[in-house]
Amino acid sequence: MRTSIATVSISGDLREKLEAIAAAGFDGVEIFENDFLAYDRSPRDVARMVADLGLTITLFQPFRDFEGLPEPQRSQAFERAERKFDLMAELGTDLMLVCSNVSPLALGGIDRAADDLRALGERAARHGLRVGYEALAWGRHVNDHRDAWEIVRRADHANIGIILDSFHTLSRGLDPNSIRSIPGDKIFIVQLADAPLIDMDLLYWSRHFRSMPGEGDLAVTDFMRAVAATGYDGPISLEIFNDQFRSGSPRTIAADGHRSLVYLMDQVRIAEPDIAIDVPVLPPRVDVQGVAFVEFAADEAEAETLAGHLRQLGFRLTGRHRSKAVDRFSQGDINIVINTEREGLAHSAYLTHGTSAYALGLMVDDAAATVQRAGALGAQLFSQRVGPDQLSIPAVRGIGGGVIYFLDEKSPLGRVWDIEFEVVDDPQQRSDAGLRRVDHVAQTMNYEEMLTWILFYRSIFVAEKSPMVDVVDPSGLVRSQVIENASGSLRLTLNGAESHRTLAGRFIAETFGSSIQHLAFASDDIFATADALRRNGMKTLEISPNYYDDLQARLGIEADMLDRLRAANILYDRDAEGEFFQLYSTNVGEGFFFEIVQRGAGYRGYGALNAPFRIAAQKRALAPLSVPEV
Ligand code: MG
Ligand code: MG
């Protein structure tokens with residue numbers, strides 16, 4: 001597999017773009033003409049820079065408004081093409097993209113367009129160049145790859161081929177299987193982009209909302225399966241126009257792009273076992289069986305405070321690490337680890353973010369294979385010096401800089417608690433609160449980074465993403481998206497903050513980017529849990545009485561039940577499948593909190609309707625910002 005990406009897809013000047021593209025592991029790059037025009041070096045300098053970075057130029061683009069023109073525009077278009085051919089020779093690329101004409105001057109007619117392309121092919125051949133023709137979804141006469149192919153077929157010239165672009169095909173709802181009949185050697189390059197399903201003008205949608213394959217809702221895998229069936233073995237190139245990407249970090253976006261292609265081609269390989277596809281064979285996507293532990297980094301004083309919160313929640317100290325300053329608290333199947341080491345990643349996480357849940361341990365079938373897959377998808381592998389009584393736990397860095405550890409039952413990793421921890425009795429133990437397991441882990445990030453997180457998780461794990469939900473914070477909007485598997489043993493809620501004045505945004509600012517903002521534990525009886533918490537002296541988040549009045553009006557809850565909810569500050573939701581109860585702690589440290597849920601069988605949501613009232617309550621309970629708002 002040869003990978004490529006258009007320079008327009010990422011931010012920076014041409015050098016920054018190329019460096020990021022090379023660092024991400026791409027083989028080639030499409031030079032988008034404006035990126036070259038805005039750069040102040042000669043074409044030969046650019047050619048040298050590209051070669052020095054170990055890249056090749058797969059394509060020069062775009063050449064617009066060419067075919068079907070009347071005179072004198074037709075002759076002018078050929079003159080224009082000749083000048084670009086000279087430039088391409090200096091840049092050292094042999095392929096030009098011609099996109100279908102959008103000019104009001106353009107005349108229709110497949111044969112007219114074919115004649116023009118044949119004549120352009122003749123000229124290109126004299127320069128040793130090739131021309132690929134692409135149907136724009138909004139082209140004046142040609143807006144369908146089937147028409148573009150018919151034109152290329154009739155042009156019947158060795159130097160003229162078709163360029164396929166998943167966005168142009170899929171955005172118009174065209175069946176990608178119509179690609180299967182195109183001879184693979186007549187496809188000169190394949191451009192890929194995904195996009196969220198939004199009902200809007202095609203041109204605007206394409207120019208602003210494209211995303212990496214796997215980040216959006218289009219059937220890019222089906223598209224690429226059809227391409228693979230033609231025998232095409234040229235570069236697979238990304239052409240992504242996206243406002244967030246153009247203002248994002250070039251390195252991150254380029255890395256996302258490369259990850260998206262490895263993930264996509266892995267899916268294509270699995271879906272088309274009869275086609276020889278030249279891609280590495282990765283271990284399959286990983287089905288997470290549950291959250292094995294959550295690890296906090298803290299200093300000793302804050303560790304005491306956190307331990308106090310955990311005991312109020314019904315956790316008890318069950319283990320002490322044999323050689324490190326690490327304590328284990330347990331309840332039901334939940335394990336919370338507090339790390340107060342003075343060195344290593346936990347300590348640097350503490351120094352950077354304050355007390356924070358910086359690491360997650362996930363139970364999987366095969367921890368080694370999980371890390372192998374993640375590594376092949378560009379995740380950074382993580383390991384620390386292993387002391388006596390310690391296992392080397394396979395791990396990767398998460399997107400926010402935290403760590404994800406993997407445990408399995410097939411290796412000694414499944415006995416990590418016995419091996420690394422000494423069993424202890426908790427002298428300060430309080431009542432068990434009936435918390436069974438981790439229901440979900442909520443991570444907070446800047447909105448611009450959300451797609452990076454989604455792609456990271458979905459490419460490594462068997463997980464689907466829910467539609468994005470807008471959550472109203474009194475100070476702005478937070479976008480919420482769920483990554484989960486069918487059984488619910490992996491549930492991650494991602495919250496993208498657009499404003500630092502929102503609760504989520506403030507958390508990011510105060511903790512310098514720490515990512516896990518709340519942990520939700522499942523109870524089988526939230527009222528019994530609430531009683532235990534009260535006995536344990538825990539203060540729960542106080543919900544406005546107005547919320548309960550509305551709940552009665554909205555859902556017609558019986559008075560008795562409503563009183564119980566109100567008395568315990570429990571939020572309520574239900575849908576056709578079941579009921580959902582939620583209870584929140586007050587804030588722990590810099591905006592971190594715990595949630596307790598009781599999930600009726602079949603209820604798959606997260607109480608999104610309740611979020612604005614919970615957030616408002618949390619903001620009332622917060623101390624004023626330590627930094628003046630500007
Ligand atoms: Mg394109
Ligand atoms: Mg939650």
Q: Mind listing the closest non-hydrogen atom pair of Ser392 and Leu413 along with its distance?
A: O-CD2, 4.0 Å
(Q) Just so I know, are the side chains of Gln312 and Leu533 near enough to count as touching, which here means a heavy-atom distance under 4.5 Å? (A) no
Q: Kindly give the heavy-atom pair with the smallest separation between Ala486 and Arg604, and that separation in Å.
A: O-NH1, 3.0 Å
Q | Distance-only side-chain donor-acceptor flag, His321 / Gln390, under 3.5 Å | A | no
Q.
We want to know whether Thr452 and Asp256 form a side-chain donor-acceptor pair, criterion being a heavy-atom distance below 3.5 angstrom.
A. yes
Q.
Within 45 degrees of the ring normal and closer than 6.0 Å to the centroid, is that where the cationic atom of Arg564 sits relative to Phe527?
A. yes
Q) Under 30°, 30 to 60°, or over 60°: which ring-plane class applies to Trp205 and Phe167, parallel, tilted or perpendicular? A) perpendicular
Q. Under 3.5 Å, side chain of Asn446 to main-chain N/O of Glu449, donor-acceptor pair present?
A. no
**Q.** Partner of Leu313 under side-chain contact (heavy atoms from CB on, under 4.5 Å), chosen from Ile596, Asn536, Ile336
**A.** Ile596
(Q) Measuring only between side-chain heavy atoms, which start at C-beta, is Leu345 closer than 4.5 Å to Gln384? (A) yes
Q: Tell me whether the centres of the aromatic rings in Phe296 and Phe329 are closer together than 6.0 Å.
A: no
Q) Any chance the side chains of Thr318 and Arg316 put a donor and an acceptor closer than 3.5 Å? A) no
Q: Assess whether side-chain contact (heavy atoms from CB on, under 4.5 Å) is satisfied between Asp287 and Asp365, documenting all intermediate values.
A: CA-CA 7 Å; Asp287 203 6; Asp365 268 336; 5.5 Å; no
**Q.** Contact list for residues 260-271, test side chain to side chain donor-acceptor pair (under 3.5 Å), sequence neighbours left out
**A.** Tyr263-Arg285, Asp266-Arg269, Asp266-Arg373
Q | CZ-CD distance between Arg320 and Glu422, expressed to the nearest 0.5 angstrom | A | 8.5 Å
(Q) Salt bridge or not between Glu272 and Arg225? Use side-chain N to carboxylate O under 4.0 Å. (A) yes
Q: Test Phe594 against Phe521 for ring pair (Phe, Tyr, Trp, His ring centres under 6.0 Å), laying out the working first.
A: CA-CA 8 Å; Phe594 295 102; Phe521 304 127; 5.7 Å; yes
Q: Search all heavy atoms of Tyr358 against all heavy atoms of Ala346 and return the closest pair with its distance.
A: OH-CB, 3.3 Å
Q: Would you sort out whether Glu498 and Arg479 count as a salt bridge (Lys or Arg N to Asp or Glu O under 4.0 Å), showing the intermediate values?
A: CA-CA 8 Å; Glu498 291 197 79; Arg479 311 293 180 96; 3.0 Å; yes
Q. Please walk me through it: do Arg436 and Asp524 pass salt bridge (Lys or Arg N to Asp or Glu O under 4.0 Å)?
A. CA-CA 8 Å; Arg436 303 283 182 220; Asp524 296 335; 2.9 Å; yes
**Q.** Any Ile338 side-chain heavy atom under 4.5 Å of Val326 side chain
**A.** no
(Q) Checking Glu484 against Tyr606: is there a side-chain donor and acceptor pair closer than 3.5 Å? (A) yes
Q. Please, which pairs that meet ring pair (Phe, Tyr, Trp, His ring centres under 6.0 Å) have at least one residue in residues 444-474, sequence neighbours excluded?
A. none
Q) Do Asp408 side-chain atoms and Ala367 backbone N/O form a donor-acceptor pair below 3.5 Å? A) yes
If you look only at distance, which donor and acceptor atoms sit under 3.5 Å apart when one is on a side chain in residues 399-407 and the other is two or more places apart or in another chain?
none

Q) Is any side-chain heavy atom of Arg328 closer than 4.5 Å to a side-chain heavy atom of Val424? A) no
(Q) Looking at every non-hydrogen atom in both residues, tell me the closest pair between Thr444 and Ala504 and how far apart they are. (A) CG2-O, 3.5 Å
Q.
Return the OG to CZ distance between Ser171 and Arg210, rounded to the nearest 0.5 Å.
A. 8.0 Å
Q | Residue pairs involving residues 546-570 (criterion ring pair (Phe, Tyr, Trp, His ring centres under 6.0 Å); sequence neighbours excluded) | A | Tyr547-Phe613
Could you pull out all donor-acceptor pairs under 3.5 Å where a side-chain atom in residues 215-223 meets a protein atom, sequence neighbours excluded?
| from | atom 1 | to | atom 2 | distance (Å) |
| --- | --- | --- | --- | --- |
| Glu215 | OE1 | Met212 | N | 3.0 |
| Asp217 | OD1 | Lys465 | NZ | 3.0 |
| Asp217 | OD2 | Leu197 | N | 2.9 |

Q: Measure the shortest side-chain to side-chain distance between Asp573 and Tyr603 over non-hydrogen atoms and say whether it is less than 4.5 angstrom.
A: yes
**Q.** Residue pairs, two or more places apart or on separate chains, that pass salt bridge (Lys or Arg N to Asp or Glu O under 4.0 Å) and touch residues 531-549
**A.** Asp531-Arg534, Asp549-Arg566
Q) Between Leu503 and Asp473, which heavy-atom pair has the shortest distance, and what is it? A) N-OD2, 2.6 Å
Q. Is there side-chain contact between Glu409 and Met363, with heavy atoms separated by less than 4.5 Å?
A. yes
Q. Do Gln517 and Gln443 have side-chain N/O donor and acceptor atoms under 3.5 Å apart?
A. no
(Q) Would you say that Phe593 contacts Gln618 through its side chain, given a criterion of any heavy-atom pair below 4.5 Å between the two side chains? (A) yes
Q: For Asp194 and Ser211, test the side chains for any donor-to-acceptor distance below 3.5 angstrom and give the result as yes or no.
A: no
Q.
Side chains of Asp525 and Gln598 only: does a donor on one sit below 3.5 Å from an acceptor on the other?
A. no
Q: Return the minimal non-hydrogen interatomic distance between Ile543 and Ala617, and the atom names on each side.
A: CD1-CB, 4.2 Å
Q. Under 4.5 Å between any side-chain heavy atoms of Ile483 and Ile454, yes or no?
A. yes
Q) Would a distance-only check, ignoring hydrogens and angles, find a side-chain to backbone donor-acceptor pair under 3.5 Å from Thr169 to Pro176? A) no
